[in-house]
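In what follows, a structure is listed as structure tokens, so that the remarks can point back to it.
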Amino acid sequence: MFGRFGNLAPVLAQNGQQQQQRGMATLKHISMRLKSVKNIQKITQSMKMVSAAKYARAERELRAVRPIGDGTKQFYEKAEVTPIADVPAKLVIAITSDRGLCGAVHTSVARHIRNELAIDDQNTKVVCVGDKSRLILQRLYGKNIIMACNEIGRLPPTFIDASKLADAILKSDYKFNSGEIVFNRFKSVVSYNTQTLPVFSLASVTAAPKLSIYDSLDDEVVQSYLEFSLASLLFYSMKEGACSEQSSRMTAMDNASKNAGEMIDKLTLTFNRTRQAVITRELIEIISGASAL
Amino acid sequence: MTAWRQAGLNYINYSNIAAKLLRQALKPDLRADAIKRADTHIKITKWENGKPIKESTY
């Protein structure tokens, strides 16, 4: 019955808006809504497929990268490196990405940093990797950001990305005494936890009490190793972050499709009920019209 | 002090240059994959006082 009034559609739509404000849903509005929810479901479903494929790749690559991160961590643990107490300058590196729609991965990293900044925002500087952490942090703690990186998350991170970042951090004017990398450690498809990795300055490494367990170290070797280990730690944490992000996006999109499915069911039910009501009303009109003759 | 550090490089630059040369020296069938692993897209911007100060790609 609506097909005949095709060229009146804008007028009808305007009327419809007023009607909807009053809480009346016409058949046309329900079908429009139904169509849009169906489209959304299609989109979320295909996003889920895409991130499932990306996740499989990220997980495979992460498995290869984990030894790099663990190996690098060992050095600091074995040498018992601790930051020098009297220099408070601290650096925090937030590992996120540019892309959203992936649950709380970015916010949990940002929240961790925000809690730290709430304690001491004078001596702490932040390096934001990925647009998301920058967007969350720049409003409150914009002055603490010394560096921001983007174009992360579209493609899996490479070691060259990490080494560029490490290079930029080392060459920046900020002389930090201790630092940490905040990232999401991938646990399983449905879970990750936000963790930190320590980063130290050259001075605190050379002052480490158990450095002597390593043989034939001179300043040159220590400095070179520190530079390289920063790049490795960044690479490792970027990989962990990318993997958690994809797995979390997969779950988020799965939930979104499920919710859209529920909405479609409800809307279909209302659509059918309303259609029945319209038919009944028309019949009543016809019958009462005929009986009035 | 090593020669590369005197030239203003740090170990990251030095090892990346070495890695690049190694990739170029691979056999053609392996080289394509290795070079694909080495590309980079990251953009780094310096910030000061809550604002980006200059667009710079390292």
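Here is the naming used below: chain letters follow the sequence lines, and residue numbers restart at 1 for every chain. Everything numeric here is computed off the predicted structure, so don't read it as measured data.
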*Report, as yes or no, whether the 6.0 Å neighbourhood of atom NZ on K73(A) holds more than 12 heavy atoms from other residues, nucleotides or ligands.*
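Enclosed.
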*For K54(A), does the NZ atom sit with more than 12 other heavy atoms under 6.0 Å from it, leaving out its own atoms?*
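Atom NZ in K54(A) is packed in, count exceeds 12.
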*Could you tell me which of D161(A), T158(A), V129(A) has the largest number of non-hydrogen atom pairs under 4.5 Å with chain B?*
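Of D161(A), T158(A), V129(A), D161(A) has the most heavy-atom pairs under 4.5 Å with chain B.
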Minimum side-chain heavy-atom gap [X]-[Y] below 4.5 Å:
X       : Y       : answer
T45(B)  : M147(A) : no
I42(B)  : E151(A) : no
I146(A) : E48(B)  : no

*Stepwise side-chain contact (heavy atoms from CB on, under 4.5 Å) test for I160(A) and N16(B)*: CA-CA 8 Å; I160(A) 312 284; N16(B) 274 340; 4.0 Å; yes
*Contact listing (chain A partner; residues 23-38 of chain B; heavy atom under 4.5 Å)*: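 Checking residues 23-38 of chain B against chain A gives R23(B), R37(B), A38(B).
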*How many angstroms lie between atom CD1 of I12(B) and atom OG of S232(A), to the nearest 0.5 angstrom?*
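So the gap between those two atoms works out to 8.5 Å.
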*Any chance you could measure K43(B), atom NZ, to C149(A), atom SG, to the nearest 0.5 Å?*
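The NZ atom of K43(B) sits 11.5 Å away from the SG atom of C149(A).
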_Least distance between heavy atoms, N13(B) atom then K171(A) atom_ =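 Looking at all heavy atoms of both residues, the closest pair is OD1-NZ, 3.9 Å.
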*Which region of N49(B), side chain (C-beta onward) or backbone (N, CA, C, O), has a non-hydrogen atom less than 4.5 Å from a non-hydrogen atom of chain A, or is it both or neither?*
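Both backbone and side chain of N49(B) come within 4.5 Å of chain A.
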*Tabulate, in ascending numerical order, the residues of residues 130-140 of chain A having at least one heavy atom closer than 4.5 Å to a heavy atom of chain B, or enter 'none'.*
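Listed by number: R134(A), Q138(A).
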*If you check every heavy atom in residues 194-230 of chain A against those of chain B, which residues fall under 4.5 Å?*
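The residues closer than 4.5 Å to chain B, in numerical order, are E220(A), Q223(A), S224(A), E227(A), F228(A).
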_Test of understanding: with side chain to side chain contact (heavy atoms under 4.5 Å, CB included), list the residues that count as partners of R63(A), not counting sequence neighbours._
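With sequence neighbours excluded, R63(A) shows a side chain to side chain contact (heavy atoms under 4.5 Å, CB included) to E59(A), given in chain and number order.
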_Portion of I145(A) that has a non-hydrogen atom of chain B nearer than 4.5 angstrom_ =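 Both backbone and side chain.
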